[in-house]
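Below is one structure, written out as structure tokens, with a few remarks after it.
Everything numeric here is computed off the predicted structure, so don't read it as measured data. The basis for the numbers below is simple: all heavy atoms, side chains too, and nothing from hydrogens, waters or symmetry mates.
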Amino acid sequence: MDALVRLLQLLVFLLTLPLHLMALLGFWEPLCKTYFPYLMAVLAVKSNRVMESKKRELFSQIKGLAGASGKVALLELGSGTGANFQFYPTGCKITCLDPNPHFEKFLTRSMAENRHLEYERFVVAFGEDMSQLADGSMDVVVSTLVLCSVQSPKSVLQEVRRVLRPGGVLFFWEHVAEPRGSWAFLWQRVLEPTWRHIGDGCHLTRETWRDLEDAQFSELQVEQHPPPIKWLPVGPHIMGKAVK
């Protein structure tokens with residue numbers, strides 16, 4: 001099976017050779033950082049239509065997590081275009097964190113459309129190093145379709161636990177690998193080296209639920225759903241919450 005995967009990877013590599021050459025020469029990443037926000041803006045509309053009821057159900061729990069000020073200090077991790085803003089309850093003070101500065105204009109537009117929220121700031125940083133945020137400063141952290149593309153999910157989850165106050169909650173929605181041994185998993189392995197360039201670092205075969213289980217949260221709730229966009233090679237999605 002491994003030999004078949006390597007052969008098919010080679011064929012995909014040859015078919016997408018210009019992309020890989022651009023990546024090798026350092027031209028692809030700046031281009032990807034520029035176009036990716038526009039792609040995510042289009043995909044977010046479709047995925048929100050499919051996942052609207054589930055997102056409303058998940059994020060409705062945020063209302064009860066307000067701090068002493070009566071507001072909810074919420075960190076949107078890998079905030080992207082702000083696709084989740086419409087589902088957050090009134091009284092949230094939003095800090096957005098993303099390593100791609102090109103998302104900021106999309107976030108500004110999303111905030112203008114969601115006046116029930118308070119926009120704190122946009123932090124350009126990787127999730128593995130959120131040193132600009134103080135320990136225990138957040139009531140809520142939200143991560144949707146983020147842990148697939150970070151360098152180290154374990155390091156990101158350690159940082160999430162650090163910035164959450166005791167009793168604070170991580171809400172997540174992430175795509176994960178297909179079952180090992182399945183043909184769908186084989187094709188994820190085949191496509192992953194090329195998909196990482198197209199998807200700005202996105203990994204198709206991550207078993208993110210294992211990282212969540214190892215992160216030492218006091219409580220973890222996970223449920224699995226089919227992917228909302230069928231024609232993409234991403235696998236099933238997991239949705240739930242983890243309590244510090």
Does some side-chain heavy atom of Leu58 sit less than 4.5 Å from a side-chain heavy atom of Met239? yes

Check whether any side-chain heavy atom of Arg196 sits under 4.5 Å from a side-chain heavy atom of Cys202, and report yes or no. no

Given side chain to side chain contact (heavy atoms under 4.5 Å, CB included), test Trp28 with Leu21 step by step and report yes or no. CA-CA 9 Å; Trp28 178 256; Leu21 287 175; over 6 Å; no

So do the side chains of Asp135 and Val163 get within less than 4.5 Å of each other, counting heavy atoms only? no

Are Tyr35 and Val42 connected in a single hydrophobic cluster, I mean Ile/Leu/Val/Met/Phe/Trp/Tyr linked by side-chain heavy atoms less than 4.5 Å apart? no

Is there side-chain contact between Glu128 and Gln151, with at least one heavy-atom pair below 4.5 Å? yes

Salt bridge (charged side-chain N to carboxylate O under 4.0 Å, His left out) between Asp2 and Arg189, intermediate numbers included: CA-CA 10 Å; Asp2 287 345; Arg189 292 176 62 195; 2.9 Å; yes

Side chain proximity check, Leu11 to Val190, heavy atoms < 4.5 angstrom: no

For the residue pair Thr95 and Met138, what are the closest heavy atoms and their distance? OG1-CE, 3.8 Å

Are the side chain of Asn48 and the backbone N or O of Ala83 linked by a donor-acceptor pair below 3.5 Å? yes

Using 30° and 60° as the class boundaries, would you call the ring planes of His237 and His175 parallel, tilted or perpendicular? tilted

Is it the case that atom CD in Gln61 sees more than 12 heavy atoms from other parts of the structure closer than 6.0 Å? yes

Is it the case that the side chain of Asp211 and the backbone of Lys154 share a donor-acceptor pair, with hydrogens and angles ignored and the cut-off at 3.5 Å? no

State whether the side chain of Lys244 and the backbone N or O of Arg161 hold a donor-acceptor pair below 3.5 Å, judged by distance alone. yes

Which value, rounded to the nearest 0.5 Å, describes the distance between Leu75 atom CG and Leu164 atom CG? 8.0 Å

In this structure, CG of Leu157 is separated from CG of Leu77 (nearest 0.5 Å) by 9.0 Å

Non-hydrogen atoms of Gln86 and Asn114 that approach each other most closely: CA-OD1, 3.2 Å

Which of Glu192, Arg180, Gln188 passes side chain to side chain donor-acceptor pair (under 3.5 Å) with Thr205? It is Glu192

Please test Glu223 against Lys54 for salt bridge (charged side-chain N to carboxylate O under 4.0 Å, His left out), starting from the C-alpha separation and ending with a verdict. CA-CA 11 Å; Glu223 56 183 57; Lys54 285 295 181 182; 3.6 Å; yes

Would you confirm whether Ser182, through its side chain, and Glu178, through its main-chain N or O, come within 3.5 Å as a donor-acceptor pair? no

Do the side chain of Asn100 and the main chain of His102 share a donor and acceptor less than 3.5 angstrom apart? yes

Over 12 non-hydrogen atoms of neighbours within 6.0 angstrom of NZ in Lys93: no

Is there a path of hydrophobic side-chain contacts, each under 4.5 Å between heavy atoms of I, L, V, M, F, W or Y residues, that connects Val150 with Val124? no

Cluster question for you: counting only ILVMFWY and a side-chain heavy-atom cut-off of under 4.5 Å, with indirect links fine, are Leu74 and Val243 together? yes

On a heavy-atom basis, the closest approach of Ser47 and Trp173 is CB-CH2, 4.1 Å

I'd like to know if Leu43 and Phe85 are part of one continuous hydrophobic network [Ile/Leu/Val/Met/Phe/Trp/Tyr, side-chain heavy atoms within less than 4.5 Å]. no

Ignoring hydrogens and angles, write down the donor-acceptor pairs under 3.5 Å from the side chains of residues 140-149, residues two or more places apart or on other chains.
unit_1, atom_1, unit_2, atom_2, d
Ser143, OG, Glu174, OE2, 2.6
Thr144, OG1, Asn84, ND2, 2.9
Ser149, OG, Val146, O, 3.1

Looking at Leu133, is its backbone amide N or carbonyl O close enough to the side chain of Arg162 to form a donor-acceptor pair, meaning the two atoms are under 3.5 Å apart? yes

Close side-chain approach of Phe172 to Leu220, heavy-atom, < 4.5 Å: yes

Restricting to side chain to side chain donor-acceptor pair (under 3.5 Å), what partner residues turn up for Glu52, sequence neighbours left out? Arg56

Verify the neighbour count for atom CZ of Phe126: are there more than 12 heavy atoms of other residues, nucleotides or ligands below 6.0 Å? no

Student check: side-chain heavy atoms of Arg165 and Leu65 closer than 4.5 Å: yes

Do you reckon Leu7 sits in the same ILVMFWY cluster as Leu14, going by side-chain contacts under 4.5 Å, direct or chained? no

Which heavy atom in Leu107 sits nearest to a heavy atom in Ser79, and how many Å separate them? CD1-OG, 3.5 Å

Are the side chain of Gln9 and the backbone of Pro193 linked by a donor-acceptor contact shorter than 3.5 Å? no

Taking every heavy atom of Cys92 against every heavy atom of Ile94, the minimum-distance pair comes out as CB-CD1, 3.7 Å

Would you say that more than 12 heavy atoms from the other residues, nucleotides or ligands in this model lie under 6.0 Å from the CD of Gln216, or not? no

Return the minimal non-hydrogen interatomic distance between Cys32 and Pro37, and the atom names on each side. O-CD, 4.5 Å

Is there a donor-acceptor pair closer than 3.5 Å between any side-chain N or O of His197 and the backbone N or O of Met22? no

What's the spacing between Leu8 CG and Leu191 CG if we round to 0.5 Å? 9.0 Å

Kindly compute the distance separating OG (Ser155) from CE (Met130), expressed to the nearest 0.5 Å. 10.5 Å

Tell me, with the steps shown, if Val123 and Asp98 meet side chain to side chain contact (heavy atoms under 4.5 Å, CB included). CA-CA 7 Å; Val123 179; Asp98 202 291; over 6 Å; no

Taking the side chain as every heavy atom from C-beta outward, state whether Val176 and Pro236 have any atom pair closer than 4.5 Å. yes

Is the number of heavy atoms from other residues, nucleotides or ligands under 6.0 Å of Tyr38 OH greater than 12? no

If the plane angle is over 60° it's perpendicular, under 30° parallel, otherwise tilted; pick one for His20 and Phe13. tilted

What's the separation between atom CG in Leu204 and atom CG in Leu232, rounded to the nearest 0.5 Å? 9.5 Å

Within a 6.0 Å radius of atom CH2 on Trp209, are there more than 12 heavy atoms belonging to other residues, nucleotides or ligands? yes

Do the rings of Phe103 and Phe106 sit parallel, tilted or perpendicular, given the 30° and 60° boundaries? perpendicular

To the nearest 0.5 Å, atom OH of Tyr88 lies from atom NZ of Lys63 at 15.5 Å

